[in-house]
Amino acid sequence: MKSRFAPSPTGYLHIGGARTALFAWLWAKKEQGQFILRIEDTDRERSTQASVDAILDGMKWLGLDHDEGPYYQTDRFDRYKTVVQQLLEEDKAYYCECSQERLQVLRDELMEKGEKAKYDGHCQHKNLTAGVVRFRNPSEGNVIFSDLVKGEISVHNKELDDLIIARSDGTPTYNLTVVVDDHDMDVNCVIRGDDHINNTPRQINLYEALGWGLPDFAHLPMILGGDGARLSKRHGAVSVMAYRDAGFLPEALLNYLVRLGWSHGDQEVFSIDEMIDLFDLKDVNKAPGSFNQDKLIWLNQEYIKSADIDHLVDQLDWHLNDQSIDISNGPDITNVIDALRERSKTLVEMAQSMKMFYQDFDQFDEKSAKKQFKPAAEPIIKALIDHYSKLEDWSSAAIHDVVKTVCDEQSVGFGKVGQPFRLALSGTGNAGSIDIVAELVGKDRTLARLQMALDYIAQIDN
RNA sequence: GUCGCCUUCGUCUAUCGGUUAGGACCCCAGGUUUUCAUCCUGGUAAGAGGAGUUCGAUUCUCCUAGGCGAUGCCA
């Protein structure tokens with residue numbers, strides 16, 4: 001068994017493409033077959049190297065590795081020419097020199113008459129020797145195939161016209177190259193978006209004209225935006241790498257994508273191995289799905305909570321760099337991650353929260369400071385500084401004991417001490433349990449920040 | 001216009017003719033908690049419409065509507 005992902009390099013790897021790639025990849029793994037990557041760059045006007053790189057980067061980040069390729073169609077023009085020539089010689093194709101204008105007029109007329117807009121075979125028997133090359137599509141009968149996800153699909157040959165397989169400059173077009181490649185590369189399971197369903201009967205006719213055996217076809221439903229329209233930029237990020245940048249873990253994205261159009265009972269969270277084990281094309285839904293960022297965020301948080309610490313360190317690296325956070329001068333990053341993982345929805349958030357452990361700040365969040373740093377807090381903070389400066393065992397347990405001692409001495413509840421302390425430590429008030437945070441922030445920084453809080457209160461008094 | 005595909009809570013989905021139509025996200029309420037978060041409990045919410053087949057349809061068939069796709073010398 002061999003499947004493939006065959007994007008055209010006219011932009012970044014987007015969410016829909018990634019889902020198609022994932023399903024094709026999963027099915028190959030599941031069937032212990034191969035997965036190949038092919039770049040369909042026959043449209044030289046729109047294809048760019050930057051897009052090729054972006055697609056490769058996206059696939060790599062997602063971990064969707066290929067067994068063969070990447071193949072480039074532009075490397076195979078000689079082969080396509082040979083096939084076109086063969087079709088010409090066998091009279092299964094012919095040259096056509098109808099102008100674009102004539103074709104446009106023809107389409108308009110047919111549409112106006114309520115008919116299917118298709119080529120009328122004007123050059124069919126002219127025996128021309130130049131122009132575009134058209135494939136002689138059968139005019140009778142039906143093309144019927146059994147799609148692995150959609151079931152039986154039937155189209156009348158009457159609906160199909162003689163499609164162009166080579167442009168007037170001699171370059172081949174999609175419907176020809178895809179057939180030649182899938183055949184030559186032994187792809188026997190074509191998994192792609194269902195926007196290709198309409199092309200499939202044409203391609204089947206081409207396979208038959210060439211005397212080649214048919215692959216299985218599996219057409220995946222599209223991914224739509226929240227409003228039911230085709231997913232596009234206005235629905236938020238559509239580029240896979242934009243999700244990396246926004247702080248998502250690749251396995252969270254993959255998990256989200258695999259559940260869009262496929263399910264296994266009530267299970268929501270799947271490891272890669274489980275996906276491979278449980279995935280089955282026959283369980284793929286026919287209906288299109290809408291992309292829902294809230295659920296992706298939930299999954300991302302689930303993965304952040306449970307991920308292997310080394311993996312998080314790896315994934316965080318890009319974000320630390322992006323936010324210019326230097327972790328060499330501060331606590332062990334694994335301890336910080338553990339303190340933060342239950343309160344971070346994304347890696348971007350986590351990196352932001354990490355700043356308080358590695359960077360000093362010169363002011364407190366104004367709103368919180370007004371609330372917490374009132375004159376009444378002064379003796380409490382003074383007491384904390386007093387105790388902590390003498391504390392030798394800088395452990396969360398000892399730090400916690402001091403807070404309790406201060407509560408007793410000042411005859412106040414935990415909150416009266418904990419809240420200003422937390423704000424002093426974090427600058428924003430958002431932090432986990434104060435004893436652990438204080439331990440990680442370190443004795444010197446803790447004392448300096450408490451002193452800063454004291455200075456703030458003094459400045460309010462004046 | 002024509003052809004093809006699709007249609008269960010707002011969203012992702014379960015259901016292989018008989019269920020109080022289940023789960024998850026979101027949202028709401030309550031509980032745990034030194035803030036936030038985590039965690040726990042509970043709640044709101046669905047079979048597009050119409051025929052037919054059947055003792056019985058979300059499930060099978062047909063029609064309608066709606067959505068998406070194709071109708072390119074794009075892929």
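The basis for the numbers below is simple: all heavy atoms, side chains too, and nothing from hydrogens, waters or symmetry mates. Numbers restart at 1 for each chain; the letters A, B, ... are given by sequence-line order, proteins then strands.
- When the P atom is compared between B:rA48 and B:rC12, the two are found 14 Å apart, to the nearest whole Å.
- Using a 3.5 Å distance cut-off with no hydrogens or angles, the side chains of A:Gln73 and A:Thr177 do pair a donor with an acceptor.
- B:rA45 and B:rA24 are spaced 14 Å apart, taking the C1' atom of each and rounding to whole Å.
- The backbone N or O of A:Ser271 lies less than 3.5 Å from a partner atom in the side chain of A:Glu274, making a donor-acceptor pair.
- Of the listed nucleotides (B:rU2, B:rC26, B:rC5), B:rC5 has the atom at the smallest distance from the side chain of A:Lys150.
- A side-chain donor-acceptor contact under 3.5 Å links A:Glu251 and A:His311.
- Within the 4.0 Å cut-off from OP1 or OP2 of B:rA75, at least one side-chain nitrogen or oxygen of A:Thr42 is found.
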Heteroatom pairs (N/O) under 3.5 angstrom, protein to nucleotides 60-62 of chain B:
none

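- Residue A:Lys295 has no polar side-chain atom (N or O) positioned under 4.0 Å from OP1 or OP2 of B:rA24.
- If you look at A:Phe35 and A:Phe5, their ring centroids are not closer than 6.0 Å.
- Summarising the geometry, the separation between CG on A:Asp294 and P on B:rC27 is reported as 6 Å, rounded to the nearest angstrom.
- Note on A:Glu115: a base of the nucleic acid sits closer than 4.0 angstrom, heavy atoms only.
- Between A:Tyr174 and A:His196, a ring centre-to-centre spacing shorter than 6.0 Å is recorded.
- Inspection of the A:Asp41 and A:Thr74 side chains reveals an N or O donor paired with an N or O acceptor under 3.5 Å.
- Comparing the P positions of B:rA21 and B:rU71 gives an interatomic distance of 44 Å, to the nearest angstrom.
- With both pairing distances under 3.5 Å, B:rU71 is matched to B:rG1 as a Watson-Crick or G-U wobble pair.
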Polar atom pairs (N or O), protein with nucleotides 69-72 of chain B, under 3.5 Å:
| from | atom 1 | to | atom 2 | distance (Å) |
| --- | --- | --- | --- | --- |
| B:rG69 | N2 | A:Asn198 | OD1 | 3.1 |
| B:rA70 | O4' | A:Asn198 | ND2 | 3.1 |
| B:rU71 | O2' | A:Ala117 | O | 2.5 |
| B:rG72 | OP2 | A:Arg107 | NH1 | 2.8 |

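- When both pairing distances are held under 3.5 Å, B:rA29 makes a Watson-Crick or G-U pair with B:rU41.
- Using cut-offs of 30° and 60° on the angle between ring planes, the pair A:Phe364 and A:Phe373 is perpendicular.
- To the nearest angstrom, C1' of B:rU15 lies 15 Å from NZ of A:Lys282.
- Aromatic ring centres of A:Tyr303 and A:Phe248 lie farther apart than the 6.0 Å criterion allows.
- What separates OH of A:Tyr95 from P of B:rC73 is a distance of 17 Å, to the nearest Å.
- A side-chain donor from one of A:Thr200 and A:His219 sits under 3.5 Å from a side-chain acceptor of the other.
- Considering only the side chain of A:Ser168, B:rC73 comes nearest among B:rC25, B:rC73, B:rA75.
- Heavy atoms of A:Ala431 sit under 4.0 angstrom from at least one base atom.
- Residues A:Asp57 and A:Tyr12 bring no donor and acceptor atom of their side chains to less than 3.5 Å of each other.
- Rounded to whole angstrom, the span from the CE atom of A:Met356 across to the C1' atom of B:rC36 amounts to 10 Å.
- Residues passing the salt bridge (charged side-chain N to carboxylate O under 4.0 Å, His left out) test with A:Lys92 are A:Glu90, sequence neighbours excluded.
- Residues in residues 131-141 of chain A take part in these side chain to side chain donor-acceptor pair (under 3.5 Å) pairs, two or more places apart or across chains: A:Asp91-A:Arg136, A:Asn137-A:Asn157, A:Asn137-A:Asn205.
- Aromatic pair A:Tyr256/A:Phe270: centroids not less than 6.0 angstrom apart.
- We find that CD of A:Gln293 is positioned 22 Å from P of B:rA24, with the value rounded to whole Å.
- The ring of A:Phe23 has its center no closer than 6.0 angstrom to the ring center of A:Trp262.
- Straight-line distance from the CD atom of A:Glu159 to the P atom of B:rG1: 15 Å, rounded to whole Å.
- Of the C1' atoms belonging to B:rU7 and B:rU58, the separation is 12 Å, rounded to the nearest Å.
- Side-chain contact, A:His387 with A:Glu409: a donor N or O sits under 3.5 Å from an acceptor N or O.
- B:rA57 sits 46 Å from B:rU32 when the C1' atoms are compared, rounded to a whole Å.
- Contact annotation: A:Ser290 side-chain N/O to B:rC12 OP1/OP2 distance is under 4.0 Å.
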Contact list (N/O, under 3.5 angstrom) for nucleotides 37-41 of chain B vs protein:
| from | atom 1 | to | atom 2 | distance (Å) |
| --- | --- | --- | --- | --- |
| B:rA37 | O2' | A:Glu342 | O | 2.7 |
| B:rU38 | O3' | A:Lys305 | NZ | 2.9 |
| B:rU38 | O2' | A:Glu342 | OE1 | 3.3 |
| B:rU38 | O2' | A:Glu342 | OE2 | 3.4 |
| B:rC39 | OP1 | A:Lys305 | NZ | 2.5 |

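- Separating the CZ atom of A:Phe373 from the C1' atom of B:rU35 is a distance of 13 Å, rounded to the nearest angstrom.
- None of A:Asp182, A:Leu176, A:Val180, A:Asp181 except one satisfies the side-chain contact (heavy atoms from CB on, under 4.5 Å) rule with A:Val178; the exception is A:Asp182.
- The closest side-chain donor-acceptor pair between A:Asn430 and A:Thr428, if any, does not fall under 3.5 angstrom.
- In this structure B:rU7 sits in a base pair with B:rA65, meeting the Watson-Crick or G-U test at under 3.5 Å.
- Regarding A:Tyr12, its OH atom lies at a distance of 16 Å from the C1' atom of B:rA75, rounded to whole Å.
- Between B:rA14 and A:Asn285, a contact under 4.0 Å exists linking OP1 or OP2 to a side-chain N or O.
- Checking B:rA57 for Watson-Crick or G-U wobble geometry (two distances, each under 3.5 Å) identifies no partner in any strand.
- Within 4.0 Å (heavy atoms only), A:Glu268 reaches at least one base atom of the nucleic acid.
- One C1' atom belongs to B:rA46, the other to B:rU13, and the distance between them is 12 Å to the nearest Å.
- Among the heavy atoms of the strands lying under 4.0 Å from A:Ser263 are primed sugar atoms or P, OP1, OP2 only; no base atom is included.
- Side-chain proximity of A:Arg259 to B:rC12, B:rA75, B:rU11: nearest is B:rC12.
- Nearest-nucleotide positions on RNA chain B for A:Val155 and A:Arg19 put A:Val155 closer to the 5' end.
- Taking atom C1' on both B:rU8 and B:rG67, the two are 16 Å apart, rounded to the nearest angstrom.
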Query raised in the report: Reading nucleotides 28-34 of chain B from the 5' end, what letters show protein touch, with B for base, S for backbone sugar-phosphate only, - for no heavy atom under 4.0 Å?
Result: ------B

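- B:rC5 and B:rU15 have their C1' atoms separated by 23 Å, given to the nearest Å.
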